[in-house]
Amino acid sequence: MKDTELVLDRIDLGILRLMQNNARISNADIARELNMAPSAVLERVKKLEQKNVIMQYTARLNPSPLHQKLLAFVFMKAAEGLGSTATGKKLAKIPEVQEVHHIAGEDCYLVKIRTADSASLMELMRNQLGKIPNILSTRTTIVLETVKEQQQLIIPENK
C-alpha cells in the first residue's frame, strides 16, 4: 500500500497524538482518553504498526552525559550515478551518523553526525568517511547551540 492511499481516521490520529507525546502510554490510558475499549485500541495500534505508520518506539537521550557533545552537519558530494544509494548506505552504517539525507542541489548528501569533540569528528572523517570511495568532497558545519531538535511530526486535528 502506498503512503498516498493510507487513510487515517480521527481515532488513528488521536492514538498517534497520544503516543507521540508519550510512547510509554498504556493502551488503557489511550482507551480512557478516546472513550474506547482497551482491546480496540490494541487492535488499532497493531494495525498502525503493520502499516508502518508507527515505525519504532524509542527513548530520547541527552547526548551530553554520553560524551557526545559535538553535533555536525556534513554536506557531501559523491561520484555515483543518478539514483544510486551505495554511498548513502555506507554512510548509514557508521554508528556516529544519525541521519543521512540524499539531497537536491550542489551536494549529494546531508549527514548529521554526533561525536565527543572535534578531534573525534576529525578521526571519523579521516578513518571512516575518507575510506568511502565515492565521496569527492565534504563541507562541515559545527553546531554551536541547538535551539530546537525534535522528531515529532505535526499530526492533523481530528477529521
Side-chain angles (χ1 to χ4, degrees), residues 1-76 78 80-105 107-116 120-121 124 128-129 132 134 140-159:
M1 178 181 286
K2 294 180 183 175
D3 290 345
T4 55
E5 296 173 12
L6 189 61
V7 177
L8 301 173
D9 65 14
R10 66 176 185 76
I11 294 170
D12 292 331
L13 295 174
I15 290 169
L16 294 173
R17 190 173 293 107
L18 290 167
M19 290 184 81
Q20 183 169 252
N21 287 334
N22 177 9
R24 295 183 66 178
I25 191 170
S26 69
N27 283 334
D29 288 340
I30 294 172
R32 212 174 355 272
E33 286 282 329
L34 300 178
N35 297 316
M36 294 176 64
S39 59
V41 168
L42 180 60
E43 187 177 320
R44 290 280 190 135
V45 170
K46 284 183 179 180
K47 285 181 181 176
L48 291 167
E49 290 170 346
Q50 289 167 355
K51 292 177 181 176
N52 214 24
V53 175
I54 298 173
M55 296 168 38
Q56 184 179 22
Y57 298 90
T58 63
R60 185 165 182 239
L61 306 177
N62 181 348
S64 207
L66 298 169
H67 308 291
Q68 296 176 27
K69 296 180 181 181
L70 183 86
L71 176 60
F73 291 92
V74 182
F75 293 89
M76 297 180 188
E80 58 188 12
L82 190 63
S84 175
T85 59
T87 301
K89 288 177 182 176
K90 287 178 183 173
L91 290 166
K93 289 181 181 177
I94 299 170
E96 294 86 353
V97 170
Q98 293 190 308
E99 298 176 13
V100 178
H101 303 278
H102 200 170
I103 60 173
D107 297 302
C108 301
Y109 293 97
L110 173 59
V111 180
K112 179 180 175 181
I113 299 173
R114 199 176 285 277
T115 64
S120 59
L121 176 63
L124 180 139
Q128 294 188 57
L129 298 182
I132 299 174
N134 287 332
T140 303
T141 301
I142 303 291
V143 174
L144 300 176
E145 176 184 28
T146 299
V147 177
K148 179 180 181 179
E149 182 178 43
Q150 74 176 38
Q151 288 291 312
Q152 291 183 326
L153 300 175
I154 297 171
I155 298 174
E157 289 300 317
N158 294 340
K159 295 177 182 179

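Both backbone and side-chain heavy atoms feed into the values below; hydrogens, waters and symmetry mates do not.
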K.L.:
Can you measure from CZ (R10) to CG (L34) and round to the nearest 0.5 angstrom?
P.N.:
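So the gap between those two atoms works out to 8.0 Å.
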K.L.:
Residues in side chain to side chain donor-acceptor pair (under 3.5 Å) with N27, at least two apart?
P.N.:
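Checked N27 against side chain to side chain donor-acceptor pair (under 3.5 Å); zero matches.
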K.L.:
Going by side chain to side chain donor-acceptor pair (under 3.5 Å), name the residues that satisfy it together with T141, two or more places apart in sequence or in a different chain.
P.N.:
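Once residues adjacent in sequence are excluded, T141 has no partner under the side chain to side chain donor-acceptor pair (under 3.5 Å) criterion.
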K.L.:
Do the side chain of T85 and the main chain of G88 share a donor and acceptor less than 3.5 angstrom apart?
P.N.:
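Checked: no pair found.
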K.L.:
Can you find a pair of side-chain heavy atoms, one from V111 and one from I94, that are under 4.5 Å apart?
P.N.:
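V111 vs I94: side chains apart.
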K.L.:
At their closest point, which heavy atom of A31 faces which heavy atom of A37, and how far apart are they?
P.N.:
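Nearest heavy atoms, A31 then A37: CB-C, 3.9 Å.
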K.L.:
A side-chain contact here means heavy atoms from C-beta on lying under 4.5 Å apart; do M19 and V45 qualify?
P.N.:
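Result yes, sub-4.5 Å side-chain heavy-atom pair found.
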K.L.:
Excluding sequence neighbours, so at least two apart, what forms ring-ring contact (aromatic ring centres under 6.0 Å, His included) with H102?
P.N.:
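Here the qualifying residues are Y109.
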K.L.:
Taking only residues two or more places apart in sequence or in another chain, which ones pass side chain to side chain contact (heavy atoms under 4.5 Å, CB included) with V143?
P.N.:
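Scan of V143 (side chain to side chain contact (heavy atoms under 4.5 Å, CB included), adjacent residues dropped) gives L71, F73, T146.
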K.L.:
Please list, chain by chain and in numerical order, all residues satisfying side chain to side chain contact (heavy atoms under 4.5 Å, CB included) with S64, sequence neighbours excluded.
P.N.:
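Partners of S64 under the side chain to side chain contact (heavy atoms under 4.5 Å, CB included) test: N62, K69.
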K.L.:
Sequence neighbours excluded, which residues qualify as side chain to side chain contact (heavy atoms under 4.5 Å, CB included) partners of E145?
P.N.:
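None.
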K.L.:
Around H67, counting heavy atoms of other residues, nucleotides and ligands shown, do more than 12 lie under 6.0 Å from its NE2?
P.N.:
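No - once you tally the heavy atoms of other residues, nucleotides and ligands closer than 6.0 Å, there are 12 at most.
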K.L.:
Quick one: salt bridge (charged side-chain N to carboxylate O under 4.0 Å, His left out) partners of E43, sequence neighbours excluded?
P.N.:
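If we apply the salt bridge (charged side-chain N to carboxylate O under 4.0 Å, His left out) test to E43, skipping adjacent residues, the hits are K47.
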K.L.:
Measure the shortest side-chain to side-chain distance between L8 and I155 over non-hydrogen atoms and say whether it is less than 4.5 angstrom.
P.N.:
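No, every pair of side-chain atoms sits at 4.5 Å or beyond.
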K.L.:
Compare every heavy atom of I15 with every heavy atom of L48, then report the nearest pair and how far apart it is.
P.N.:
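Closest pair (atom of L48, atom of I15, distance): CD1-CG2, 4.1 Å.
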K.L.:
Using side chain to side chain donor-acceptor pair (under 3.5 Å) as the criterion, list what pairs up with Q56, not counting sequence neighbours.
P.N.:
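Q56 satisfies side chain to side chain donor-acceptor pair (under 3.5 Å) with no residue once adjacent residues are dropped.
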K.L.:
Is a donor on one side and an acceptor on the other found under 3.5 Å between the side chain of R17 and the backbone of P156?
P.N.:
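It does hold such a pair.
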K.L.:
Could I get the full list of side chain to side chain donor-acceptor pair (under 3.5 Å) partners for N52, not counting sequence neighbours?
P.N.:
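Applying side chain to side chain donor-acceptor pair (under 3.5 Å) to N52 gives none.
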K.L.:
Write out all pairs satisfying salt bridge (Lys or Arg N to Asp or Glu O under 4.0 Å) with one or both partners inside residues 89-102, taking only residues at least two apart or from two chains.
P.N.:
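Every pair satisfying salt bridge (Lys or Arg N to Asp or Glu O under 4.0 Å) with a residue in residues 89-102: E99-K112.
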K.L.:
Please name all residues satisfying side chain to side chain contact (heavy atoms under 4.5 Å, CB included) with L66, sequence neighbours left out, ordered by chain then number.
P.N.:
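Partners of L66 by the side chain to side chain contact (heavy atoms under 4.5 Å, CB included) criterion, ordered by chain and then number, come out as L61, Q68.
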K.L.:
Using 0.5 Å steps for rounding, measure from the CG atom of N35 to the CD1 atom of I30.
P.N.:
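It comes to 13.5 Å.
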K.L.:
To the nearest 0.5 Å, what is the distance between CG (L18) and CD1 (I25)?
P.N.:
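If I round to the nearest 0.5 Å, the distance is 5.0 Å.
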K.L.:
Return the set of residues passing salt bridge (charged side-chain N to carboxylate O under 4.0 Å, His left out) with R44 (not counting sequence neighbours), or none when no residue passes.
P.N.:
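By the salt bridge (charged side-chain N to carboxylate O under 4.0 Å, His left out) rule, R44 matches D9, D12.
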K.L.:
Hey, what do you get for CG (L16) to CD1 (I54), rounding to the nearest 0.5 Å?
P.N.:
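These two atoms lie 5.5 Å from each other.
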K.L.:
Just wondering, more than 12 heavy atoms not from Q151 lying within 6.0 Å of its CD?
P.N.:
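No, not enclosed.
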K.L.:
Which pair of heavy atoms, one from A86 and one from E80, lies closest together, and at what distance?
P.N.:
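Heavy atoms only, the tightest pair is N-OE1, 4.0 Å.
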K.L.:
Can you give me the closest heavy-atom contact between A72 and L121, atom names plus distance?
P.N.:
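Closest heavy-atom pair between A72 and L121: CB-CD2, 3.9 Å.
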K.L.:
Can you confirm whether L129 sits close enough to T140 that some side-chain heavy atom of one is under 4.5 Å from a side-chain heavy atom of the other?
P.N.:
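No. Closest side-chain heavy atoms not under 4.5 Å.
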K.L.:
How far apart are the C-alpha atoms of M76 and L91, what are their side-chain angles, what is the distance that settles it, and do they pass the side-chain contact (heavy atoms from CB on, under 4.5 Å) test?
P.N.:
CA-CA 11 Å; M76 297 180 188; L91 290 166; 3.8 Å; yes
K.L.:
Distance-only, no hydrogens or angles: does the Q152 side chain make a donor-acceptor pair with backbone N or O of Q20 under 3.5 Å?
P.N.:
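Looks like yes, one N/O pair under 3.5 Å.
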